[in-house]
Amino acid sequence: MSVLTKIRNTMERSSSPDYRSENDGMRSYLKSDFFRSMPFWLPPTLLMGLFVYGGILWNFVLSLTDFSGVVRPEYSVSNFDFEMYFRMLEDPSFWSAARNTIVLLVVFTLVCLVVGLCLAIIVDNLLKGQGVFRTVFLLPFALSFVVTGVFWQWMYNPEMGTINTLFDIVGMGFLGQDWLGDPALRLWSVMFALMWQFGGYAMIIYLASLRTIPQEHYEAAKVDGAGFFKMYWKVIIPQLSSASVSIAVVLMVFSLKAFSWLYVVFGSNPGPAADILGVMMYREAFAANQWAYGAALGTVLFVTTVVILAPYLRYQYKRGEL
Amino acid sequence: MAQLTFDDVRKTFQEGNNEIVAVDDLNMEVRDGEFLVVVGPSGCGKTTTLRMVAGLETITEGQIELDGRSIRGMSPQDRNIAMVFQSYALYPHMTVFDNMAFGLRESTDLSEDEIDDLVTETSEMLDIKELLNRKPSELSGGQQQRVALGRAIVRDPDAFLMDEPLSNLDAKLRAEMRTELQRLQEEFETTTIYVTHDQTEAMTMGDRIAILDHGELQQIGTPMECYYEPANEFVAGFIGEPSMNFLRGTSDGGVLRMEDFSYELSQSTVESIGSTTEITLGVRPEDVEVVPEATQTNDVAVEVDVVEPFGKENNLYLKPEGSDTDDTIIATVGGRKSVNEGERVGMRLPEEHLYLFDRSDGTAIRHPTVEAEEITPVAE
Amino acid sequence: MAQLTFDDVRKTFQEGNNEIVAVDDLNMEVRDGEFLVVVGPSGCGKTTTLRMVAGLETITEGQIELDGRSIRGMSPQDRNIAMVFQSYALYPHMTVFDNMAFGLRESTDLSEDEIDDLVTETSEMLDIKELLNRKPSELSGGQQQRVALGRAIVRDPDAFLMDEPLSNLDAKLRAEMRTELQRLQEEFETTTIYVTHDQTEAMTMGDRIAILDHGELQQIGTPMECYYEPANEFVAGFIGEPSMNFLRGTSDGGVLRMEDFSYELSQSTVESIGSTTEITLGVRPEDVEVVPEATQTNDVAVEVDVVEPFGKENNLYLKPEGSDTDDTIIATVGGRKSVNEGERVGMRLPEEHLYLFDRSDGTAIRHPTVEAEEITPVAE
Amino acid sequence: TGNGGSGDDGSSGDDGSSGDDGSGGDDGSGTTTLELQHWWTDGGGAVGMEALQEGFQEKHPDIEINDNPVAGGGGTNLQAVIRNRVLEGNPPSTWQDWPGANLSDYVEAGVLKDIGYIFEGDMEENYRDGPLLSARAGNEDNPYVAVPLNIHRVNNLFWDISSVEEAGVDMGSISDPNEYVEVLAQIDDQIETPALSLSMAAPWTVLQLWSSNLIGLYDAQTYQDFRAGEDITSEVEAALEVTADQFEYVTPDAGSVGSDAARLKLPEGNGVMLMEGDWAAGNLFAADGYEYDEHWQHMPYPGTDGVYNINTDGFPYPQPNPTPDATDKWMQWVGSAEAQRVFCDPKGAIPCRTDVDLSEFSPLMQEQFEDFQSDTGVLTLAHGDGVSPQQGTSLKNAMSRFMDNRNVEATAGALMDAMTL
Amino acid sequence: MIGLIASAQATTGDLLTSVRESLTRANRKYTVAAILAVLLGLFWVSPLWGGISTAFKTQSAFINTIPLSPPPAGEVTIQPWLRAWETLSPSLGNSLIFTLPAMVFSGVLGSLAAYGLTMVDWRGQVAVMATFIVAIFLPKQGILLPLSRFWNAVDLQGILSSLGYFSLPFAHQSHTTLLILIITHTAYGIGICTLLFRGYYLTIDHDLVEAARIDGAGVFSIYRNIILPLSYPMFMVVFIFQFTQIYNEFLYALILVGGSDPSAGAPITLALAELNSGFSQNWNNQMAGAFITAVPTLIVYVLFGEQFAKGVKY
Ligand SMILES: Nc1ncnc2c1ncn2[C@@H]1O[C@H](COP(=O)(O)OP(=O)(O)OP(=O)(O)O)[C@@H](O)[C@H]1O
Ligand SMILES: Nc1ncnc2c1ncn2[C@@H]1O[C@H](COP(=O)(O)OP(=O)(O)OP(=O)(O)O)[C@@H](O)[C@H]1O
Ligand SMILES: [Mg+2]
Ligand SMILES: [Mg+2]
């Protein structure tokens with residue numbers, strides 16, 4: 001009883017909440033979720049918007065001019081045209097770069113998902129050392145493209161490189177290839193290296209997602225008579241779909257960044273077999289002094305990715321996760 | 001310290017193009033210091049009602065008044081109401097002390113010393129003083145529950161709202177905490193609304209029970225009223241475990257004709273029925289008598305379909321002889337009453353224990369007429 | 001269709017340097033077609049036992065035999081045993097149909113048509129035919145439970161294992177599914193091991209109950225045996241709700257001396273005690289009689305501490321007068337018996353209802369002596 | 001040494017509108033900081049650059065040098081930085097670049113200063129015509145805007161003597177690229193060592209090979225016609241075909257080795273022939289135990305005797321200039337015989353001036369220098385002297401497609417289209 | 001005697017059973033997984049290992065040994081490391097100076113934005129969120145020019161000096177550039193940070209926020225007292241992610257710093273390019289340089305990889 005009295009007494013001394021009228025229009029506006037949340041999201045949105053969308057818009061305007069990179073462009077509507085976009089249509093470099101970009105975006109993402117999934121399943125089934133292997137597979141993710149580019153140039157070196165040397169050692173030297181030199185292999189070699197770098201990322205997300213699948217699902221499948229592979233293929237993997245989607249999105253971001261890797265390994269002209277829009281854009285802008293053309297390429301690249309992204313956004317929205 | 005009035009309260013949710021009515025024209029009063037238990041089937045609007053009181057949900061129509069002042073449009077932090085969540089919602093990164101102190105720090109201008117005093121004393125009362133420096137994750141379910149209570153109590157709110165606070169505990173702990181909660185509420189006399197769907201909690205804890213269905217209030221009354229004088233068929237069926245047996249019948253003069261048998265009613269009962277013909281007869285399992293053979297009027301020859309032994313009692317599922325439906329009538333008999341499945345016995349429904357409902361709208365037209373037996377002599 | 005034998009089965013887990021004994025020397029037989037309910041407090045090894053049968057856990061020592069063949073070392077998919085999980089473990093990405101068909105596809109070589117037939121039939125029986133094309137997330141809890149059952153049934157396994165299959169359902173649904181399960185098991189006569197910690201389920205569903213504690217089998221017998229003839233104090237306390245009242249006493253000639261009162265025993269009882277002096281007296285709440293006043297020998301004057309009304313009955317917490325402990329004795333009386341907290345009444349413990357236990361090891365030394373009352377005349 | 005120090009600060013006034021932004025602190029403070037950007041961070045270039053800077057500091061101790069290299073990307077990184085800085089009106093004092101047509105965009109934009117006053121007299125007299133043209137950004141009508149520093153010859157052939165002897169080849173007898181291909185075939189036939197060391201990782205090496213083939217098959221005039229954008233389809237195609245023929249003899253890793261690694265194939269014993277600019281001599285000289293004239297030899301690329309395919313390095317003069325005074329002094333220094341002597345020797349190039357003391361230079365460089373005196377100079381396509389950036393990029397694009405698809409017809413079209421840009 | 005034999009038989013029977021058991025599918029699975037993990041793990045580290053052993057080899061050992069073999073005795077050299085360290089060390093500080101603040105700012109702003117867009121029920125949030133997600137896919141080559149033009153127009157140097165910054169004892173001219181890098185990286189990092197935080201906040205029990213509201217806390221207090229402390233695991237993830245992304249970034253630094261002069265604020269990635277551009281491609285130096293550059297990120301991963309793994313949520 002004394003506690004009760006004490007609480008009551010203490011509380012009485014403290015200021016009791018004052019009841020406000022409810023029909024104060026301004027006040028209820030100030031209380032609206034929109035207004036209350038604004039201080040949190042508005043400043044980041046403005047900062048991001050200025051740099052990202054400001055930049056993209058500017059880039060788009062540039063693509064309408066014929067700015068070469070040395071003489072300041074003239075921003076007047078009368079000068080604007082879509083010439084650069086038409087030029088793109090006739091440029092074989094554009095088409096090969098565009099094709100490679102899409103291939104990279106799609107194939108690399110898929111390959112990486114599969115590899116990440118396999119790694120995750122393997123690590124998940126380890127009795128010991130899960131942490132160690134998780135770190136090992138994730139390590140390359142920490143490295144810069146500048147670094148991994150150098151590593152892989154080295155791995156792929158047809159004479160001294162690790163890969164061909166390994167083939168030699170196991171007596172399968174005939175499998176050795178000029179991995180980066182052969183146009184037929186070049187893009188695949190690039191993707192393989194990127195897979196090495198980002199497989200670990202896919203793995204770690206898959207692992208997290210595997211952990212959310214109740215143990216009972218594995219056991220139910222076992223009791224139902226499914227073997228190891230059937231269990232994964234039919235019961236577990238289908239449940240990873242939402243993780244796959246989100247990993248795919250991040251991987252696509254990385255595949256866009258593959259610019260740096262290609263640039264380190266091949267310089268600004270990787271050849272039609274491995275050229276991508278990002279590299280081409282850079283080459284046109286800085287090596288060829290064709291800024292407006294580069295800008296047009298940039299716009300196309302951005303729009304393309306947004307188009308590819310749209311289904312994801314819709315999917316997330318429908319799942320209520322957007 | 002506060003009286004809550006619900007005045008034609010209505011709450012709808014917009015779901016796509018559909019309007020979902022969660023609470024419909026709710027009128028009730030929670031008296032100062034009362035412990036009101038709200039029960040009802042899942043989705044009947046219990047949680048929504050609580051959330052409107054707390055200010056977590058806007059009120060679509062009507063008013064909720066706290067001590068006569070409308071709290072509509074007031075933000076939760078201005079209402080001085082405490083809520084205990086089903087999930088406890090303890091702040092996982094704060095110690096028990098900080099969990100309890102948080103509300104005081106946020107909504108009062110007490111000094112840190114005063115807060116310290118209050119929290120310590122409250123924790124003593126709840127027997128969680130040694131836990132003050134632990135994190136919620138280091139507590140057992142029952143301890144977490146206590147902390148959640150403590151967090152509410154320490155603020156001395158005008159009203160407590162509790163949404164199935166015990167449902168995450170196991171049976172033993174639940175029984176313990178039930179007693180604890182009752183004790184505390186009696187001590188504090190703070191107006192409390194308590195949502196549950198546990199029969200035991202509903203019957204034993206509340207001063208009164210409010211039964212909701214489809215967002216509508218069906219009855220509000222003491223546990224005994226709800227049990228023995230249910231307002232309608234829904235309440236009668238909802239309160240009590242096993243559920244009341246319901247038999248559809250037609251009143252035909254002094255006789256109630258059921259599908260499988262007839263029942264002759266006494267004059268007083270016939271009067272209470274009046275002109276209603278479509279009747280539902282209700283009888284609680286513990287009131288069904290099982291006799292060796294159907295000998296008296298109104299006795300029914302039945303076959304024991306299933307026996308559910310509980311030790312202290314058995315539930316018998318009785319099937320009137322010649323019945324061609326699967327419907328059975330449940331009778332609860334003593335645990336040592338030996339009866340086997342398939343046996344033929346007599347079933348007796350004592351008229352003084354019968355409930356009758358108007359089938360058209362479910363309202364009760366007759367309650368049992370037996371009086372309570374006193375254990376001790378009336379004059380003490 | 002199968003008989004399961006546990007032969008000195010032992011299961012230990014290695015946790016760091018500790019060896020946790022989950023199941024200890026378990027010997028029991030589950031008869032062909034029997035419904036065995038396994039109960040026991042949390043952590044007593046129920047789940048582990050089931051999982052060893054299913055092949056999800058290796059057996060540390062001993063043998064489990066299915067129809068005389070040891071299944072030790074056999075992989076789960078070779079055992080033809082179906083398991084129903086507490087969480088149902090329905091595959092969320094498959095339709096109900098595929099969930100049910102999965103086991104058939106994996107472990108039999110039935111054609112798709114045959115599978116289709118089987119699934120459809122089973123689903124009809126379980127009343128979930130309309131749900132076959134839905135995903136589990138679109139089902140209610142009860143429906144999910146049915147699908148989980150269907151998935152097990154459709155494979156026509158040698159044995160069903162069920163680990164608290166109803167614990168995620170609300171009370172009403174649980175009661176419904178309980179009956180359903182019983183009906184199905186009777187129909188199929190498949191050997192079933194059913195784990196629960198719900199008293200009602202334990203008492204009503206099983207042909208026999210096995211009670212485990214700390215990995216050891218305490219008793220295995222019919223529900224009535226376990227209730228009326230518990231092997232030891234643990235079983236006596238575990239089965240029955242509210243729990244049996246236990247009173248510590250010392251046998252002194254013909255008198256049992258408890259803390260607050262003495263109890264004179266009859267000759268036959270004294271004989272059954274023999275030389276044991278440290279005794280625990282047990283009496284079930286429903287056997288405690290409450291009388292207006294303590295008048296007879298062995299009556300105890302008590303005060304009613306708390307009354308818990310449940311409608312059909314009241315639980316009274318009785319405190320012997322002059323007792324200085326907080327211990328109370330629970331008595332269950334009829335719902336219409338009117339009694340108030342604080343009243344003084346008499347408590348009578350009929351000797352024929354008493355249980356006596358040897359306090360040194362908890363074994364029962366005397367069970368109630370009352371016979372079952374027959375409802376129908378013995379000669380039918 | 002540079003004696004024409006007449007042009008002083010005042011001349012910066014002629015850049016009109018932009019004037020002196022003064023942020024570099026040219027006047028006023030005691031010391032001036034000259035910001036130099038370049039990509040010579042390794043090899044002979046780095047040594048030469050160091051010597052160049054040391055020489056300058058000796059002469060002008062009051063001027064501090066801010067050495068701010070931008071390495072990587074085969075110079076593209078530096079290009080990117082410079083383009084951007086020039087556009088911002090914030091260029092460094094000067095930077096390393098390929099003079100010639102490579103600078104034409106800058107000239108057009110008016111961001112390079114007319115530095116005729118620096119060339120007047122001494123430099124104009126002693127510089128060869130080729131570099132002087134490059135100093136005018138490849139066009140006689142332009143003013144001088146950059147000071148070329150050194151000259152590389154692009155059309156060279158290096159070979160490993162012992163391999164050649166083993167294969168029984170007489171190098172002196174090769175008079176044009178077709179015969180050269182036959183020789184490659186013979187080597188391929190006779191010995192294990194791959195006949196041709198060629199880096200095909202980036203298109204510029206193949207571009208310079210093709211342009212040498214064009215000269216070798218025809219003459220300097222054909223090359224100039226190509227540069228002028230004339231339609232010489234059959235010649236271009238013929239040169240492409242020869243180039244494609246040569247691809248048959250390249251080392252197995254040609255597609256991925258860098259140009260430097262390709263050069264090292266000779267001392268490593270993994271390649272016999274190398275068509276490269278004379279900077280490659282630097283790598284060969286540097287190889288341990290691999291001596292000129294004993295282990296390896298050099299001659300102008302078959303059929304290109306008498307033609308000097310010029311690639312120069314130099315320093316453009318941006319305006320507005322953060323340090324006009326100091327930049328003037330740097331330009332004068334770079335244009336001096338002394339500077340070119342200290343730089344060109346380690347760099348493995350010949351100077352742009354005729355009056356440089358070459359006694360310490362390698363015999364090979366001395367030979368090159370002699371050739372240069374008599375040869376027809378043509379400006380390179382694979383680097384900067386002969387093409388604008390856009391042209392150069394397009395040529396390389398075309399060539400990189402060619403490496404992948406060997407489509408002679410399409411490539412010829414693309415090459416000639418590039419020169420009309 | 002017979003009993004003995006019987007029990008011996010029983011024992012061997014038990015033994016056989018247990019051997020058979022250990023070879024059941026369940027156990028085979030672990031063995032296969034372990035073997036695969038080791039093989040793949042070796043492959044995964046082989047580029048790193050090859051790099052590291054190369055960096056310790058003399059030129060002749062480099063030519064004469066296979067890449068994966070460790071340097072033979074007597075042919076070990078630390079020369080490449082010295083050379084690489086000499087080139088890289090002056091820039092390492094710059095990298096850290098802008099990476100750490102940019103990492104913190106982008107993380108905090110992302111967390112704020114995600115909170116604002118998640119915890120409050122406002123319909124427009126989906127649209128705002130979409131702009132954040134789309135922003136993640138910005139091709140950075142495309143905005144290099146606008147970016148440098150922007151920073152040219154904003155005279156940060158002037159602003160700083162008018163604020164008197166350069167009279168502070170620790171001030172340095174390069175700080176302008178570093179500040180530019182901080183702001184730039186922050187701005188471009190907000191998108192991914194917001195996305196990551198939002199995914200996390202959606203999983204936080206909404207009851208907590210409601211409990212806090214009832215306890216009398218306003219939006220700011222809820223963020224400060226409830227959300228922020230709960231975000232700790234996600235901050236670990238975001239920080240690690242951002243640290244590697246920003247630290248490893250090359251293009252913005254190239255354009256905004258415009259040179260590899262450490263005193264002008266050049267980060268380590270620009271210095272590394274210097275090592276890689278050699279006339280004679282010197283693998284030893286390059287590998288050593290690659291490792292030195294990677295050291296901070298590797299340390300971060302090895303130390304905090306566990307938290308990263310725990311915190312990630314898709
Ligand atoms: N945010 C919401 N949006 C749409 N419908 C809602 C929302 N919250 C509740 N509802 C609907 O309102 C009705 C009442 O829900 P409420 O949560 O109050 O039920 P309840 O009685 O608490 O049920 P339970 O016993 O399952 O907790 C339900 O039909 C529910 O679907
Ligand atoms: N994988 C395991 N590793 C270590 N100990 C375990 C493991 N599984 C179970 N145990 C231990 O074995 C004992 C028995 O556990 P089990 O799960 O069988 O109990 P249970 O009777 O099913 O309990 P509950 O009613 O809580 O489900 C417990 O002490 C438990 O901690
Ligand atoms: Mg609810
Ligand atoms: Mg269990």
Side-chain angles (χ1 to χ4, degrees), chain A residues 1 113-114 116-117 120-121 124-132 205-248 311-312 315-322, chain C residues 14 47 50-57 71 74-95 98-110 135-137 144 147-165 168:
Chain A
M1 243 355 174
L113 284 176
V114 172
L117 179 63
I121 290 176
D124 199 36
N125 277 300
L126 288 178
L127 289 173
K128 274 192 206 132
Q130 292 205 359
V132 174
I205 309 282
Y206 271 131
L207 261 182
S209 171
L210 278 175
R211 299 279 148 84
T212 66
I213 296 180
Q215 195 60 28
E216 281 87 36
H217 287 190
Y218 295 85
E219 299 181 337
K222 273 189 219 164
V223 173
D224 265 349
F228 184 83
F229 291 102
K230 283 251 174 93
M231 174 179 81
Y232 273 101
W233 181 243
K234 296 211 166 142
V235 175
I236 303 303
I237 292 175
Q239 297 190 43
L240 300 173
S241 59
S242 74
S244 302
V245 171
S246 78
I247 300 170
Y312 164 75
Y315 172 80
Q316 289 288 86
Y317 179 65
K318 282 215 304 232
R319 282 177 13 129
E321 295 200 349
L322 192 72
Chain C
Q14 211 60 36
T47 298
L50 273 204
R51 290 168 57 84
M52 282 191 290
V53 177
L56 297 171
E57 212 77 78
I71 51 172
M74 217 185 263
S75 74
Q77 53 263 54
D78 302 332
R79 296 190 181 194
N80 197 25
I81 282 174
M83 186 153 173
V84 177
F85 292 83
Q86 179 173 1
S87 60
Y88 317 145
L90 297 180
Y91 310 128
H93 56 289
M94 295 185 192
T95 59
D98 289 331
N99 262 286
M100 292 175 64
F102 184 73
L104 292 176
R105 291 187 181 134
E106 292 303 316
S107 58
T108 68
D109 43 16
L110 295 178
K135 294 278 180 68
S137 59
Q144 289 186 21
V147 175
L149 271 179
R151 186 168 71 174
I153 289 171
V154 77
R155 283 180 47 205
D156 186 27
D158 290 342
F160 284 133
L161 309 175
M162 309 198 184
D163 194 356
E164 314 196 16
N168 284 347

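The chains referred to below are lettered A, B, ... by the order of the sequence lines, with proteins before strands, and numbering in each begins at 1.
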| Is a donor on one side and an acceptor on the other found under 3.5 Å between the side chain of A:Gln239 and the backbone of C:His93? | no
| Quick one: what part of C:Leu104 sits under 4.5 Å from any heavy atom of chain A, side chain, backbone, both or neither? | neither
| message | Counting only non-hydrogen atoms closer than 4.5 Å, does C:Arg51 touch chain A with its backbone (N, CA, C, O), its side chain (CB onward), both, or neither? | response | side chain
| Verdict with supporting geometry, C:Asp98 and C:Tyr91, side-chain contact (heavy atoms from CB on, under 4.5 Å) | CA-CA 9 Å; C:Asp98 289 331; C:Tyr91 310 128; over 6 Å; no
| request: Answer with side chain, backbone, both or neither: which region of C:Ile81 has an atom nearer than 4.5 Å to a non-hydrogen atom of chain A? | output: backbone
| request: Using a cut-off of under 4.5 Å on heavy-atom pairs, state which of C:Arg151, C:Gln86, C:Met83 scores highest against chain A. | output: C:Arg151
| request: Classify the side-chain pair C:Tyr88/C:Asn99 by whether it contains a donor and acceptor separated by less than 3.5 Å. | output: no
| With respect to chain A, which residue among C:Ser107, C:Ala82, C:Pro92 yields the maximal number of heavy-atom pairs within a distance under 4.5 Å? | C:Pro92
| message | Strictly distance-based, threshold 3.5 Å: is any side-chain N or O of C:Arg155 a donor or acceptor partner for the main-chain N or O of C:Asn80? | response | no
| query | Does the A:Tyr218 side chain pair with the main chain of A:Ile213, one donor and one acceptor, at a distance under 3.5 Å? | reply | no
